[in-house]
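Have a look at the structure below, then the notes.
Counting begins at 1 with the first residue of the sequence.
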Amino acid sequence: MSRWQDLTGGTSGAEYASRFEALARGGKDVHGEAAFCAALVPAGARVLDAGCGTGRVMIRLAELGYDCVGVDLDASMLDVARERAPRLPWFRTDLAAFDPAELGVAADFDLVVAAGNVLPLVTPGTEATVLQRLTAALRSGGLLVAGFGLDTAHLPVPPALTLAQYDAHCAAAGLTPVARFATWDAASYEGGGYAVSVHRRDG
């Protein structure tokens, strides 16, 4: 069982969506991840939203002209995504078993984004496998972007994935580091409890 399923029971989709709706009503920009991705690849690029949740990031990217696919394991989150954007392709799958061919999806994405603490919340022990699966979905030169918390202030569970471990998993999967930031608005990373990392598949 993933740490997310253990935490939420797989029934938190509506509550999760409501939280971001409240933030948006309060004037907070809830599209920082999408804007970050849009600065990396041009409109029309193929984007995989890995751990897409309720579709907040992917729906915005689709509105900006990106060719998007969303995958998530939580059915309650996907129910919200499908209700909000029924014409977009949403798939329920465990990222550790993600196989684009099985879903009828081409494995030539220009960018894979894993926002919202996806990596620290997968099933413990599958982090390296998840990164191998996501890397395999990228075209040569494609980018993997992941943002996640590193301490209890930025995670709903005890920290389990360090940046050193993440970088090692990325290297083993065939990814090269490109840049690291402290936030989705590209503030420089100088240590701290949250990081947004960009890696490239060179092979």
Side-chain angles (χ1 to χ4, degrees), residues 2 4 31-53 55-73 78 81 85 88-123 125-148 161-181 184 186 189 195-203:
S2 73
W4 174 257
H31 296 304
E33 300 99 327
F36 184 95
C37 292
L40 294 175
V41 290
R46 298 192 70 234
V47 177
L48 174 68
D49 190 347
C52 61
R56 176 177 54 87
V57 176
M58 178 167 142
I59 291 170
R60 179 58 178 163
L61 285 170
E63 290 172 348
L64 294 174
Y66 291 86
D67 180 9
C68 300
V69 174
V71 294
D72 203 286
L73 184 58
L78 287 172
L88 294 180
W90 310 101
F91 296 97
R92 184 170 184 255
T93 187
D94 188 333
L95 292 179
F98 174 56
D99 184 346
E102 288 186 356
L103 305 178
V105 174
D108 62 352
F109 288 95
D110 300 292
L111 184 143
V112 173
V113 57
N117 286 323
V118 171
L119 272 303
L121 294 175
V122 299
T123 302
T126 68
E127 296 87 354
T129 299
V130 168
L131 285 163
Q132 289 167 1
R133 295 281 186 168
L134 297 182
T135 300
L138 284 167
R139 65 166 178 79
S140 178
L143 300 174
L144 171 68
V145 179
F148 56 88
L161 181 65
T162 67
L163 283 180
Q165 291 169 330
Y166 177 72
D167 286 342
H169 293 326
C170 285
L175 295 167
T176 301
V178 174
R180 175 159 288 146
F181 303 95
W184 288 99
Y189 183 76
V196 179
S197 305
V198 183
H199 286 74
R200 176 183 291 111
R201 178 180 181 177
D202 291 326

Testing the basics here: between [X] and [Y], what is the closest heavy-atom pair and its distance to 0.1 Å?
| X | Y | result |
| --- | --- | --- |
| Val105 | Phe109 | CG1-CZ, 3.6 Å |
| Leu161 | Pro120 | CD2-N, 4.5 Å |
| Cys52 | Gly70 | SG-C, 3.7 Å |
| Asp67 | Gly44 | CB-O, 4.2 Å |
| Ala136 | Ala107 | O-CB, 3.9 Å |
| Thr135 | Leu131 | OG1-O, 2.7 Å |

> Out of Val69, Leu48, Val71, which residue meets the side-chain contact (heavy atoms from CB on, under 4.5 Å) rule with Val112?
Replying inline: Leu48
Is there a donor-acceptor pair closer than 3.5 Å between any side-chain N or O of [X] and the backbone N or O of [Y]?
| X | Y | result |
| --- | --- | --- |
| Tyr66 | Val41 | yes |
| Arg200 | Leu143 | no |
| Arg201 | Leu138 | yes |
| Thr162 | Gln165 | yes |
| Trp90 | Ala85 | yes |

About how many Å separate [atom2] of [Y] and [atom1] of [X], when rounded to the nearest 0.5 Å?
| X | Y | atom1 | atom2 | result |
| --- | --- | --- | --- | --- |
| Phe181 | Phe36 | CZ | CZ | 5.0 Å |
| Asp72 | Asp94 | CG | CG | 10.0 Å |
| Asp202 | Thr176 | CG | OG1 | 4.0 Å |
| Leu119 | Cys170 | CG | SG | 7.5 Å |
| Leu73 | Leu121 | CG | CG | 12.0 Å |
| Ser140 | Asp108 | OG | CG | 11.5 Å |

> Can we say Arg60 and Glu33 salt-bridge, meaning some charged N sits less than 4.0 Å from an Asp/Glu carboxylate O?
Replying inline: no
> Do the charged groups of Arg46 and Asp110 touch, with an N to O distance under 4.0 Å?
Replying inline: no
>> Under the criterion side-chain contact (heavy atoms from CB on, under 4.5 Å), I'd like the reasoning laid out for Thr129 against His169: C-alpha separation, chi angles, the key distance, then a yes or no.
In response: CA-CA 8 Å; Thr129 299; His169 293 326; over 6 Å; no
>> Quick one, Val122 and Glu127 - any side-chain contact, counting heavy atoms below 4.5 Å?
In response: yes
> For Cys68 and Asp49, what are the C-alpha separation, side-chain angles and deciding distance, and is it a side-chain contact (heavy atoms from CB on, under 4.5 Å)?
Replying inline: CA-CA 7 Å; Cys68 300; Asp49 190 347; over 6 Å; no
>> Test side-chain contact (heavy atoms from CB on, under 4.5 Å) on Leu111 and Cys37; report intermediate values, then the result.
In response: CA-CA 8 Å; Leu111 184 143; Cys37 292; 3.9 Å; yes
>> Working note: Leu134 + Leu144, criterion side-chain contact (heavy atoms from CB on, under 4.5 Å); need CA distance, chi angles, decisive distance, verdict.
In response: CA-CA 8 Å; Leu134 297 182; Leu144 171 68; 4.3 Å; yes
